[in-house]
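The sequence lines fix the lettering, A, B, ..., with proteins before strands; numbering per chain opens at 1.
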Amino acid sequence: MIKCKSSKSSMVNGVQSNISAFFVSKAFDGGSKQMLNGTIVHDIFQKAAISSDFSPERIQTFAAEALKSPNYLGQMYSLKLTQADMRQEVEEYLPSLSEWAKNYLHTSPQAGQKQLTLKLPSDGALSKQDATCSVTVTDFMDIEENIWCPRFGLKGKIDVTAGVRIHRRGRKPTERIVPLELKTGKETNSIEHRSQVILYTLMSSARRCDPEAGFLVYLKTGTLHPVVGNHMDRRELIKIRNSLAHHVGNNRIKIDGKSQMAPLPAIVSDQQACKYCPQKRNCAVYNRALERDPVENCSEYPQAFVQSESEHLSQVHLQYFSHWLLLCTLEAHTMENKGGRRNIWLQTAQQREKSGGCAGNMQLTGDVSVLSDGVYKHSFERKVGDQTLTGLIVGDRIVVSDQDSVLIGLATGYVTEITVSGVICSLDKNLSKYSSNTVFRLDQDEGAGGLSTHLGNLSMLMENTPTRPPQFIDSLSSVLPRDAKDTVANILKGLNKPQKQAMKKVLLSKDYTLIVGMPGTGKTTTICTLVRILHACGFSVLLTSYTHSAVDNILLKLKRFKIGFLRLGRAQKVHHDILPFTEESCRAKGIQTLEELEQLYNKELIVATTCMGVKHPIFSRRRFDFCIVDEASQISQPVCLGPLFYAQRFVLVGDHQQLPPIVQNAEARSLGMDESLFKRLEHHSDAVVQLNVQYRMNSAIMSLSNALMYEGRLECGSERTANAVLQLPSRAQVEKELDLYVCQPQYSAWVQAALEPNSPVCYLDTSEVPAPETVEKSGISNHTEAILVQALVTLLLKAGCRASDIGVIAPYRQQLKAISSLLQGDAFKALEVNTVDKYQGRDKSVIIVSFVRSNPEGNLGELLQDWRRLNVAITRAKHKLLMLGSAPTLRRYAPLEKLLCHLQQEDMISFENESLIAEFVKFSLMQVTSSSCLLLPMRRYPESTCDKNKNLFRF
DNA sequence: CCTCTGCGTAGAGGA
């Protein structure tokens with residue numbers, strides 16, 4: 001869909017429009033006083049319209065409220081404007097707002113006096129003869145009506161949807177519902193303004209009776225201009241739309257199986273238009289980097305800016321730009337196809353419900369309450385009561401449409417609560433005006449924004465700034481302030497050697513430092529300490545990571561040391577204990593003036609947010625001494641760059657031997673999109689410091705990862721870590737029970753080892769069991785492995801292990817489902833079943849890994865081919881690591897082959913056959929069924945039923 | 001083949 005805003009640069013000019021479709025980042029169109037004024041005046045007009053009160057007093061009140069609203073204060077901060085400036089600007093408009101209402105609003109006493117000239121369509125329902133008429137607005141039907149119109153491929157927001165009465169001399173008045181477009185700029189009545197109204201008229205016609213006309217409201221003068229688009233006008237606009245859509249939609253082509261950026265239409269040669277175009281740099285860099293026939297080779301050469309905007313860039317820079325533009329384009333395409341908004345109109349609610357992420361057949365119940373300005377609380381109930389709701393989760397962003405996908409995108413908002421038969425959510429629109437039997441669908445809204453942050457950052461990287469290889473300062477004494485020395489020395493006391501080295505490296509860096517944190521080496525602690533040291537030295541720090549939870553992890557630690565910080569980001573995503581530090585909470589304590597806001601933004605040395613949060617107004621002004629990026633090895637390059645622009649020096653913390661950034665498009669991945677900035681910069685070994693002393697795994701578990709990935713560099717931090725084993729208080733009892741229960745000649749070595757604290761690593765080869773995989777559309781699972789996991793967990797719990805100390809890991813979601821469905825009940829509640837990816841950064845005392853894949857010659861998935869994923873899976877356990885899988889299948893994966901070889905050498909593999917496994921499973925399951933509560937003492941068997949000397953299982 | 005987290009939007013006007 002193409003946005004309807006009809007400014008010259010986005011709708012009319014070929015190349016410019018394409019460039020602006022790529023780069024919609026704020027950074028290039030940072031706004032202006034006039035734009036902010038426009039927004040605020042719109043706001044005031046719309047508030048007056050909602051309350052049907054355009055009296056000067058009321059309008060003054062609305063203006064005063066707007067001038068201290070959080071959002072506008074933020075923008076004033078960005079633009080370095082004062083509230084007084086802004087007030088003056090806005091107040092100029094207020095009288096004409098009242099004036100406009102007096103002239104055109106029918107509730108006003110002398111309404112309908114103004115004569116307008118309508119240019120009527122020749123075949124229109126309006127009259128041909130008299131072009132002069134008067135118009136009154138009778139009703140405000142909607143404000144900021146959101147229209148997504150698949151029929152024309154257009155989307156947009158209509159400022160005001162109004163009922164109007166058109167009077168013509170000697171005729172009966174005509175009633176229409178028409179779009180009003182408000183303008184605060186010059187009364188140009190220009191082609192751009194008129195085109196925008198024509199498109200809105202067209203979009204309105206898809207929702208209701210064709211209004212045939214719309215109106216431009218110029219608020220500076222308070223005048224109203226009718227705009228009637230005839231068939232030809234509409235056709236021409238749609239043609240422009242189609243050509244733009246074509247270039248945006250077909251921005252990549254495949255040649256010999258390889259994708260590349262498709263050529264754009266010829267660059268425009270309008271010096272006047274280019275002069276002020278916000279996309280100037282992007283246009284120039286794009287042209288230099290991607291066009292086969294760059295303009296400098298052209299004979300006529302009107303775009304001198306292409307040269308001046310890009311001459312600082314070398315071939316390497318341009319290559320980086322075009323390479324990542326392609327990668328982002330490929331990835332954006334895949335993401336859009338996957339969970340894009342188009343499914344709202346392409347799929348019925350029933351279809352979409354099956355794949356999850358949609359709730360159809362919903363009706364409004366109860367009243368809609370106003371939570372705050374522009375936030376309305378709605379309760380929906382399922383019309384057909386017996387169906388359970390699937391897919392939607394609290395916190396999801398949603399789009400509300402009507403069930404038949406005619407009124408698409410009526411409102412957007414967030415799910416706040418899920419009940420048995422309904423959903424409660426906060427929406428940006430009040431839907432109570434729709435009749436009570438309107439049926440709605442709520443769709444999960446995934447891919448908003450696309451990759452605009454990536455591209456915006458990429459563009460910013462192309463800015464003309466000095467570059468150089470990493471440099472370092474010679475001595476610490478020159479960086480440490482004298483009065484901070486003692487504090488710093490004190491803080492350093494708690495650290496181990498590599499951690500201390502890391503601190504030193506950071507302090508001595510002039511540009512950047514990479515901290516490689518191998519599993520369990522205390523990355524969070526190290527970052528926390530680093531922040532404390534930098535804080536003590538009086539440095540400002542921007543603290544970021546890709547996820548909210550990673551940011552909050554560090555902040556939770558920092559909070560304990562009473563270090564002050566400001567946390568940016570949506571309250572709903574922030575950890576509960578960190579909420580008091582968020583901008584939102586601080587503002588709630590009463591920020592009315594720009595000075596107070598500036599104070600808040602500048603108060604703390606430490607500011608924390610996610611990498612994607614760099615669009616915040618604070619970054620248009622504030623700069624930091626250091627930027628620390630946690631989990632940097634999991635962040636794609638263009639995203640990681642974002643926060644770095646705002647700091648003098650930066651520190652990336654991560655481990656490229658663990659999971660890389662997620663890239664959905666296979667081609668983009670193969671072209672290197674999953675290479676993080678962390679990995680790329682690791683080549684500068686001067687800037688790298690390794691944390692190799694770990695406090696998580698005991699020595700046996702650690703040895704796996706050392707053999708697989710770290711070539712023996714990983715060390716245990718203490719004897720205690722190295723020798724720590726699983727404590728199972730009731731183990732003896734369980735083993736006795738086992739003895740009593742199963743008395744067969746082949747005692748299961750594996751089951752015994754699984755419970756034995758002194759064998760921390762056990763691998764069960766299920767190839768003889770056998771345990772074949774199941775491949776379904778929804779994913780891959782392995783039922784037998786799931787049962788074995790259940791049996792093991794049951795046994796561990798029985799032996800006295802706490803459920804919260806056990807973690808189950810599988811590479812596939814479908815397997816997690818299979819396992820979870822077996823582990824129902826309160827006793828398993830605290831147990832965590834999750835994917836490898838989700839376990840990154842975490843640990844548990846006991847980890848059970850189910851590898852799932854087991855087939856004689858079938859396909860190998862991509863997941864298990866990745867060394868890094870396996871490395872993560874085997875480094876989560878502190879005391880005991882139990883693995884299940886079919887060795888012959890798994891040996892076809894190179895990483896697993898290496899792991900299995902090592903396990904074999906160490907004699908950590910057991911083979912079991914079907915009957916043994918069956919007995920073991922039967923035993924453990926019997927325990928489940930025989931006692932409803934697992935943690936009660938076990939039923940005792942009579943002594944006589946067991947032959948003690950044999951120490952065997954028995955039926 | 002199947003791993004998943006971030007993003008509030010669309011439009012504010014200038015020349």
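Base engagement by A/Tyr276 is indicated by at least one non-hydrogen atom pair under 4.0 Å involving a base atom. Counting any heavy atom pair closer than 4.0 Å across all strands shown, A/Lys275 reaches no nucleic acid atom. A/Glu181 comes within contact range of the sugar-phosphate backbone alone, with a heavy-atom separation under 4.0 Å but no base atom that close. Among the heavy atoms of the strands lying under 4.0 Å from A/Lys183 are primed sugar atoms or P, OP1, OP2 only; no base atom is included. Residue contacts shown for A/Leu36 are absent, as no nucleic acid heavy atom lies under 4.0 Å away. Residue A/Ser32 is out of contact with every strand shown, counting any heavy-atom pair closer than 4.0 Å. Contacts of A/Ile780 with the nucleic acid, taken as non-hydrogen atoms under 4.0 Å apart, involve only primed sugar atoms and P, OP1 or OP2. A/Asp159 comes within contact range of the sugar-phosphate backbone alone, with a heavy-atom separation under 4.0 Å but no base atom that close. The residue A/Arg570 sits apart from the nucleic acid: no heavy atom pair falls under 4.0 Å. Using a 4.0 Å heavy-atom cutoff across all strands shown, A/Ser778 reaches no nucleic acid atom at all.
When the nucleotides B/dG6, B/dA10, B/dC4 are ranked by their closest atom to the side chain of A/Asp837, B/dC4 comes out on top. Nearest nucleotide to the side chain of A/Met35, out of B/dA12, B/dG14, B/dG6: B/dA12. Of the candidate nucleotides B/dC7, B/dG8, B/dG11, B/dG8 has the atom nearest to the side chain of A/Tyr414. In the set B/dA12, B/dG8, B/dG6, the nucleotide with an atom closest to the side chain of A/Arg397 is B/dG8. Candidate nucleotides B/dG6, B/dG11, B/dA15 were compared by shortest atom distance to the side chain of A/Thr39, and B/dG11 ranks first. Nearest nucleotide to the side chain of A/Tyr812, out of B/dC2, B/dA10, B/dG6: B/dC2.
Listed for the A/Gln46 side chain is no donor-acceptor partner under 3.5 Å among the backbone atoms of A/Val160. A distance-only check finds no donor-acceptor pair linking the side chain of A/Asn665 to the backbone of A/Glu331 [under 3.5 Å]. Proximity of a side-chain donor or acceptor of A/His42 to a complementary backbone N or O of A/Leu182 within less than 3.5 Å is detected.
Distance, A/Met86 CE to B/dG13 P: 11 Å, rounded to whole Å. One atom, CD of A/Gln664, and another, C1' of B/dC2, lie 11 Å apart when rounded to the nearest Å. Atom CD in A/Gln815 sits about 18 Å away from atom P in B/dC1, given to the nearest Å. Across the protein-nucleic acid pair, A/Leu816 atom CG and B/dT3 atom P stand 9 Å apart, rounded to whole Å. Look at CD on A/Gln75: it is 15 Å from P on B/dT9, rounded to the nearest Å. Atom CD in A/Gln840 sits about 13 Å away from atom C1' in B/dC4, given to the nearest Å. One atom, CD1 of A/Ile158, and another, P of B/dT9, lie 20 Å apart when rounded to the nearest Å. Distance, A/Arg669 CZ to B/dC4 P: 13 Å, rounded to whole Å.
Here A/Lys157 does not reach the OP1 or OP2 of B/dA12: none of its side-chain N or O atoms lies under 4.0 Å away. In terms of phosphate contacts, A/Lys615 brings no side-chain nitrogen or oxygen within less than 4.0 Å of OP1 or OP2 of B/dG8. Phosphate contact (OP1/OP2 of B/dC7, side-chain N/O of A/His548, threshold under 4.0 Å): present. Listed pair A/Thr610 / B/dT5 fails the phosphate criterion, with no side-chain N or O lying under 4.0 Å from OP1 or OP2. Listed pair A/Arg813 / B/dC4 meets the phosphate criterion, a side-chain N or O lying under 4.0 Å from OP1 or OP2. Residue A/Thr453 places none of its side-chain N or O atoms closer than 4.0 Å to OP1 or OP2 of B/dG6. Distances shorter than 4.0 Å separate none of the side-chain N or O atoms of A/Tyr218 from OP1 or OP2 on B/dG13. At B/dC2, none of the side-chain N or O atoms of A/Arg869 fall inside 4.0 Å of OP1 or OP2 (strictly under the cut-off).
Using a 4.0 Å cut-off between a side-chain N of Lys or Arg and a carboxylate O of Asp or Glu, A/Glu336 and A/Arg342 qualify as a salt bridge.
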Dot-bracket assigned to DNA chain B with the 3.5 Å Watson-Crick/G-U criterion, [ ] for crossing and | for other-strand pairs, is ...............
Take A/Leu219 and A/Thr184 through the test side chain to side chain contact (heavy atoms under 4.5 Å, CB included) and record every step on the way to the result.
CA-CA 5 Å; A/Leu219 296 174; A/Thr184 46; 4.2 Å; yes
Side chain to side chain contact (heavy atoms under 4.5 Å, CB included), that's the test. Do A/Ile198 and A/Val227 meet it? Break it down for me.
CA-CA 7 Å; A/Ile198 293 169; A/Val227 179; 3.7 Å; yes
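For the P atoms, the distance linking B/dC7 with B/dG11 amounts to 23 Å, nearest Å. Separating the C1' atom of B/dA12 from that of B/dG8 is a span of 16 Å, rounded to the nearest Å.
Paired with A/Tyr218 under the rule side chain to side chain donor-acceptor pair (under 3.5 Å), one option of A/Lys183, A/Glu187, A/Lys186, A/His193 passes, and it is A/His193. A side chain to side chain contact (heavy atoms under 4.5 Å, CB included) with A/Thr609 is found for exactly one of A/Thr582, A/Leu543, A/Leu568, namely A/Leu568.
Rounded to the nearest 0.5 Å, atoms OG (A/Ser633) and CG (A/Leu652) are 9.5 Å apart. Here the CG atom belonging to A/Leu442 is positioned 10.5 Å from the CG atom belonging to A/Asp396, to the nearest 0.5 angstrom.
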